[in-house]
Number of protein chains: 2
Amino acid sequence: MSAGLPQLALGIDIGGTNTVFGIVDHRGDILYRGAISTKKHENVEDYINELYNAIAPAIKEMGGKGNIKGIGVGAPNGNFYTGAIEYAPNLNWKGIIPLAELITNKFGIPAALTNDANAAAVGEMMYGAAKGLKDFIVITLGTGVGSGIVVNGQLVYGHDGFAGELGHTIAIPGGRKHYSTGAHGSLEAYASATGVRFTALEMLEKNPDQPSLMREYPADKIDSRVVYDCAMKGDAMANEVYRFTGEVLGMSLANFVMFSSPKAIILFGGLCKAGDLILNPTREHMEANLLPIFQNKVQLLFSELKESDAAILGASALVWDMK
Amino acid sequence: MSAGLPQLALGIDIGGTNTVFGIVDHRGDILYRGAISTKKHENVEDYINELYNAIAPAIKEMGGKGNIKGIGVGAPNGNFYTGAIEYAPNLNWKGIIPLAELITNKFGIPAALTNDANAAAVGEMMYGAAKGLKDFIVITLGTGVGSGIVVNGQLVYGHDGFAGELGHTIAIPGGRKHYSTGAHGSLEAYASATGVRFTALEMLEKNPDQPSLMREYPADKIDSRVVYDCAMKGDAMANEVYRFTGEVLGMSLANFVMFSSPKAIILFGGLCKAGDLILNPTREHMEANLLPIFQNKVQLLFSELKESDAAILGASALVWDMK
């Protein structure tokens, strides 16, 4: 690199609710960070205008856009090959949104796009729990369930850029109907925050005579946070909700292990706040469903990165690979 | 390459019943082929002696071992990283067998080993239905269910060399107990020749009043061949056996597609002789379980290679990559 200011990357992570962004240097230090709402914009152009207005002052402060090598964006259903968000069920913008192009045009800086969970996987590989690993899987357990898969040190994109939709694999054939895709028994219908809520409601309904602290809440207030709080107070049914969630997740993880034999599976996202309540049953059922040659080999870990940091770092890492 | 005779490769495919081998040139022409029994040797040294005695005359005929660049071996539970067969449930030799080393020592020619299904995948990529593809999966439907997965043009080995055990992924949680692993509901317990036999026996027992041509056979004679013959004669229950098998297989294939988004899935092995009887329900249930972004994109094909040829060609292809 020639003399002058160091080259920087802008990382943007688009979530269903909020968008977080940061300006990052080569060492992975986030020099500036900010956030805007994703949800409030029905129109993607309005959203990009607000994003630009939020970031432009920071770019100026960092010496102007000449110092920003590129923009990396992580988004649900973001396709690395096409640079477009394609049919994202959790975003307002329907159909195919050519996001990388819209951002490149608005900012005057080249932009690349990938799936948010893929970005998290790259963040883990460069700066987090997967440092030095060539084969691992990141599972994001948030409102939905996402995944980023790394094989031979490379993200798995598949022939069309859509690989790694592990939240939509069928965990229980004929099982619970997914609230958005309509599939029966997909992992996301159980192992997401939304899934935990549905499991709690189902258990309350199916066991009307069993007392539970969760009964002190109206049904529409019961979410994964309430279930967690009740479980920590020793509530048996709330504990059972997490045990069951771990059973379904662990069984699915076993199947993923027998596919790509990762050295580690890194769990990431809101549901990880439940700690051992979710980790222990998940590990138990993963091991129980593995062929002996795979048992006691896979590290099942929580991410060490702050959730928003991993997403920003992962998205920004797309920039360092730009030609 | 310098003048003189062309360099050749010896490909060996070790199956549970038979071992087939061939001497192959760079174009994929099999110049010599032969077979011995795998099953009859309790002792791996005896097996290797017979193998050597069967192949040595052919090596001599091809100009001697100086013309054989190497030996590639495909075997169940063959580990590319260690060169050993490790705990193969369908072979007589138990524990860890350092097969590549034993063969290298006996033949005086360097040998490399991989999983038989991985070898088939390489064979398909170099000479078969996967020519030119960078993302595909080969599923072998024989006595058992094996798989070879290619991502970004590379075989997926995982961190320990054991990736791609898709036959042991759980298709139906709590389902049929696997005759050898003891797992409940693994794909192999349904979508193998053995699985087809068990499904037929179960259906006969559960529907004692339903007539079926399969009832003309004693239970111990009912195998996938009998089920096929009866189905072709229009027997409803035998047709239902294949439909159900395709349902379970198709559901699993959908999960695999959402993992690595392959351009094609290539089916290979004895069960493929059932043709559309197995292909149609498999395709139907694969599509029905896919997220819309994956639907109507994956080619579901039968291998174009003769079964023994693909295995020999795939095993021999290991040799061309040898340093």
**Salt-bridge contact A:Glu202-A:Arg176 (side-chain N to carboxylate O under 4.0 Å)** = yes
**Prompt:** In terms of heavy-atom contacts, does NZ of B:Lys177 have more than 12 from other residues, nucleotides or ligands at under 6.0 Å?
**Reply:** no
**Request:** Nearest 0.5 Å please: distance from the CG atom of A:Leu271 over to the OG1 atom of A:Thr245.
**Result:** 7.0 Å
**Residue, of A:His184, A:Gln154, A:Glu86, A:Met251, that accumulates the most heavy atom pairs under 4.5 Å with chain B** = A:Gln154
**Request:** Under 4.5 Å heavy-atom distance to chain A, tell me which part of B:Tyr87 shows up: side chain, backbone, both or neither.
**Result:** side chain
**Message:** Only pairs of heavy atoms separated by less than 4.5 Å count here; which of B:Asp135, B:Val156, B:Leu133 has the most with chain A?
**Reply:** B:Asp135
**Pair B:Arg243 + B:Glu247, salt bridge at N-O below 4.0 Å** = yes
**Request:** Over all heavy atoms of both residues, which pair between A:Met322 and A:Ala112 is shortest? Give the atoms and the distance, please.
**Result:** CE-N, 3.4 Å
**Prompt:** Quick one: do the B:Glu124 and B:Ser303 side chains pair a donor with an acceptor below 3.5 Å?
**Reply:** yes
**Heavy-atom contact with chain A under 4.5 Å, split by part of B:Leu166** = both
**Prompt:** Between A:Gly182, A:Pro292, A:Ala163, which shows the greatest number of heavy-atom pairs under 4.5 Å with chain B?
**Reply:** A:Ala163
**Item:** Heavy atoms of other groups near A:Phe302 CZ, more than 12 under 6.0 Å
**Value:** yes
**Closest-packed option against chain A by number of heavy-atom pairs under 4.5 Å, given B:Ile149, B:Leu290, B:Ile172, B:Val248** = B:Ile149
**Asked** Should we count NZ of B:Lys134 as having more than 12 external heavy atoms under 6.0 Å?
**Response** no
**Request:** Name the region of B:Ala171, side chain, backbone, both or neither, that has any atom closer than 4.5 Å to a heavy atom of chain A.
**Result:** backbone
**Asked** Relative to chain A, which segment of B:Ile137 carries a heavy atom at a distance below 4.5 Å: side chain, backbone, both, or neither?
**Response** side chain
**Message:** What part of B:Phe136 gets within 4.5 angstrom of chain A, counting heavy atoms only: side chain, backbone, both, or neither?
**Reply:** neither
**Part of A:Thr181 within contact of chain B (heavy atom distance under 4.5 Å)** = side chain
**Message:** Is there a side-chain contact (heavy atoms from CB on, under 4.5 Å) between A:Thr282 and A:Leu253? Walk through the geometry before answering.
**Reply:** CA-CA 8 Å; A:Thr282 301; A:Leu253 294 187; 3.6 Å; yes
**Asked** Checking B:Leu187 against chain A: side chain, backbone, both or neither under 4.5 Å from a heavy atom?
**Response** neither
**Largest heavy-atom contact set with chain A, pairs under 4.5 Å, which of B:Asn152, B:Ile170, B:Val151** = B:Ile170
**Asked** By a 4.5 Å heavy-atom criterion (distance strictly below it), what part of B:Lys263 contacts chain A: side chain, backbone, both, or neither?
**Response** both
